[in-house]
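Taking it in order: structure first as structure tokens, then the write-up.
Here the structure is a predicted model, which means the values were calculated and not measured.
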Amino acid sequence: MSAVSDRLPAFPWDKLEPYKKTAAAHPDGIVDLSVGTPVDPVPEHIQKALIAAADSPGYPTVWGTPELRDALTRWVEHRLGALEVTHRHVLPVVGSKELVAWLPTQLGLGPGDQVAFPRLAYPTYEVGARLARAEHVAYDDPTELDPSRLKLLWLNSPSNPTGRVLSKEELTRIVAWAREHGVLVLSDECYIELGWEADPVSVLHPDVNGGSYDGVVAVHSLSKRSNLAGYRAAFLAGDPAVLGPLLEIRKHGGMMTPAPTQAAVVAALGDDEHVRVQRERYAARRAALRDALLAHGFRIEHSEASLYLWATRDESCWDTVAHLADRGILVAPGDFYGPAGGRFVRVALTATDERVRAAVARLTA
């Protein structure tokens, strides 16, 4: 076991513990804006679907029920503008983090292969490469990479942590380059429902992929759009030549989405109204926190989408973390997402309205 754990970096969130204690000592309590975990209720109709499927004594299938696959294909076409999506184009997974961490291993990557991801990125992209013993490389523009050993190219739009959105033109250029060099594109689109000052586009859109899913797979999650982080509900959509073998591997590994969760996903993807309501909650929190941070002397970059504000006071991110912790506010240091984030902090919108009001009051006092 140590041989596996030795490949991994230290778990970054442990470094926040002293600052969390400082923030928790505030007389009015901590405002935790460090982690993007939903705090609002699971919509009632989704809870009811889960409860109705609670009597599920048999093993679920890895590929999911036909009803689930129907829901996935309908949503991909309706929401993302994808064309001619069949059951072969979709695959449910047990939460997107599990997928990101184990995908390089499941693809058979190893020493000598390269996995690339944005210079500022979700740390699990690197973890996945390390678990597979593959090399990892960070990029500013993926088309400037040497493609000779590059096997897996992660895109992330809208970005975690920066909220940056790749334009349709950028996505089209990158997909064309990757195809030219035989590089598999995995596009992490888990925040696509949360565009504020930009309208995120999927790699599954025909304007991006030319109407072909060859070499292109998108990752989607219901954690943020439907408050289902606790349900572990996510899925892949794209190239059947990639998803077919992954399905077989995941069958052998027993990577099954629980049957009640599958039923909940069907209910969630069949309803747009709860997504609109949740977006409005986040939009209000975003506006309040953004104004307060600017008034407090912060500068905000990108942040045109997703659940975060990427903010700086032009100092070490840890000095900023300490400054805010003294005010009872906990945020994530930017260097969790790569050295390029060393002077930024990530401020999550995932706190209750009451806690957001408390943060605003402390920042504007």
### Query
When rounded to the nearest 0.5 angstrom, what distance separates OG1 in T86 from CG in D70?
11.0 Å
### Message
Looking at T65, is its backbone amide N or carbonyl O close enough to the side chain of Q262 to form a donor-acceptor pair, meaning the two atoms are under 3.5 Å apart?
### Response
yes
### Residues forming a ring-ring contact (aromatic ring centres under 6.0 Å, His included) with Y125, sequence neighbours excluded
Y122, W154
### Gap between atom OG1 of T261 and atom CG of L50 - 0.5 Å precision
6.0 Å
### Message
Whether the side chain of N156 engages the backbone of N160 through a donor-acceptor N/O pair (distance < 3.5 Å, no angle test) should be reported.
### Response
yes
### Query
Side-chain donor-acceptor pair under 3.5 Å between H302 and R164, yes or no?
no
Expected list for residues 52-61: side-chain donor-acceptor pairs under 3.5 angstrom, two or more places apart:
| from | atom 1 | to | atom 2 | distance (Å) |
| --- | --- | --- | --- | --- |
| S56 | OG | A53 | O | 2.4 |
| T61 | OG1 | G64 | N | 3.1 |
| T61 | OG1 | G64 | O | 3.2 |

#### Entry: Which residues share a side chain to side chain contact (heavy atoms under 4.5 Å, CB included) with A287, sequence neighbours left out
none
#### Entry: Pair E315-T320, side-chain donor/acceptor within less than 3.5 Å
yes
### Query
Listed by chain and number, what are the salt bridge (charged side-chain N to carboxylate O under 4.0 Å, His left out) partners of D326, not counting sequence neighbours?
none
### Query
Hey, is CZ on R179 packed in by over 12 heavy atoms from elsewhere, all under 6.0 Å?
yes
### Message
Is the shortest side-chain heavy-atom distance between L269 and L222 below 4.5 Å?
### Response
yes
### Query
Can you find a pair of side-chain heavy atoms, one from L16 and one from W318, that are under 4.5 Å apart?
yes
#### Entry: Neighbour count >12 (heavy atoms, 6.0 Å) for atom CZ, R88
no
### Task
Classify the ring geometry between W75 and H220 as parallel (under 30°), tilted (30 to 60°) or perpendicular (over 60°).
perpendicular
### Query
What distance do N227 atom CG and D40 atom CG have between them, rounded to the nearest 0.5 Å?
5.5 Å
### Task
Just jot down the salt bridge (charged side-chain N to carboxylate O under 4.0 Å, His left out) partners of R346, sequence neighbours excluded, or say none.
none
#### Entry: SB check R173 E169 (cutoff 4.0 Å)
no
### Query
Is it true that E280 and R276 make a salt bridge, defined as a side-chain N closer than 4.0 Å to a carboxylate O?
yes
Indicate every side-chain donor-acceptor pair of residues 31-38 with a distance under 3.5 Å to a residue at least two apart or in another chain.
| from | atom 1 | to | atom 2 | distance (Å) |
| --- | --- | --- | --- | --- |
| D32 | OD1 | S34 | N | 3.0 |
| D32 | OD1 | S34 | OG | 2.5 |

### Message
Can you tell whether the side chains of D314 and R343 come within less than 4.0 Å, N to carboxylate O?
### Response
no
## Note on the structure
Between the CD atom in E304 and the CH2 atom in W310, the distance rounded to the nearest 0.5 Å is 13.5 Å
## Note on the structure
With sequence neighbours left out, the residues meeting side chain to side chain contact (heavy atoms under 4.5 Å, CB included) with T350 are Y282, L307, A348
### Query
If only atom types and distance count, is the side chain of R7 paired as donor or acceptor with the main-chain N or O of L131 below 3.5 Å?
yes
### Query
W102 and T124: side-chain contact (heavy atoms from CB on, under 4.5 Å), yes or no, with the steps?
CA-CA 9 Å; W102 292 107; T124 312; over 6 Å; no
### Task
Determine whether more than 12 heavy atoms belonging to other residues, nucleotides or ligands lie under 6.0 Å from atom CD of E84.
no
Please report, to 0.1 Å, the donor-acceptor pairs under 3.5 Å made by any side chain of residues 288-298, with sequence neighbours excluded.
| from | atom 1 | to | atom 2 | distance (Å) |
| --- | --- | --- | --- | --- |
| H296 | ND1 | L363 | O | 2.8 |
| H296 | NE2 | H323 | NE2 | 2.8 |

### Message
Measuring from atom NZ of K224 to atom OG of S306, what distance do you get when rounded to the nearest 0.5 angstrom?
### Response
10.0 Å
### Message
Applying ring-ring contact (aromatic ring centres under 6.0 Å, His included) as the test, list every pair that has at least one member in residues 173-198; sequence neighbours left out.
### Response
W177-H181, Y191-Y308
#### Entry: D239 side-chain N/O to V217 backbone N/O, donor-acceptor pair under 3.5 Å
no
### Query
Are the side chain of E67 and the backbone of A263 linked by a donor-acceptor contact shorter than 3.5 Å?
no
### Message
Using a strict threshold of under 4.0 Å (side-chain N to carboxylate O), is an ion pair present between D14 and K20?
### Response
no
### Any T73 side-chain heavy atom under 4.5 Å of H87 side chain
yes
### Message
The criterion is ring-ring contact (aromatic ring centres under 6.0 Å, His included); which residues satisfy it with H274, sequence neighbours excluded?
### Response
H45
#### Entry: Cationic N near anionic O, under 4.0 Å, E354 to R357
no
### Message
Going by the rule ring-ring contact (aromatic ring centres under 6.0 Å, His included), which residues pair with Y231 if we only count those two or more places apart in sequence or in a different chain?
### Response
none
### Message
Test your reading of the model: is there a side-chain donor-acceptor pair from R133 to the backbone of R130, 3.5 Å cut-off?
### Response
no
### Message
Could you work out, with side chain to side chain donor-acceptor pair (under 3.5 Å) as the rule, every residue matching E98, not counting sequence neighbours?
### Response
R250
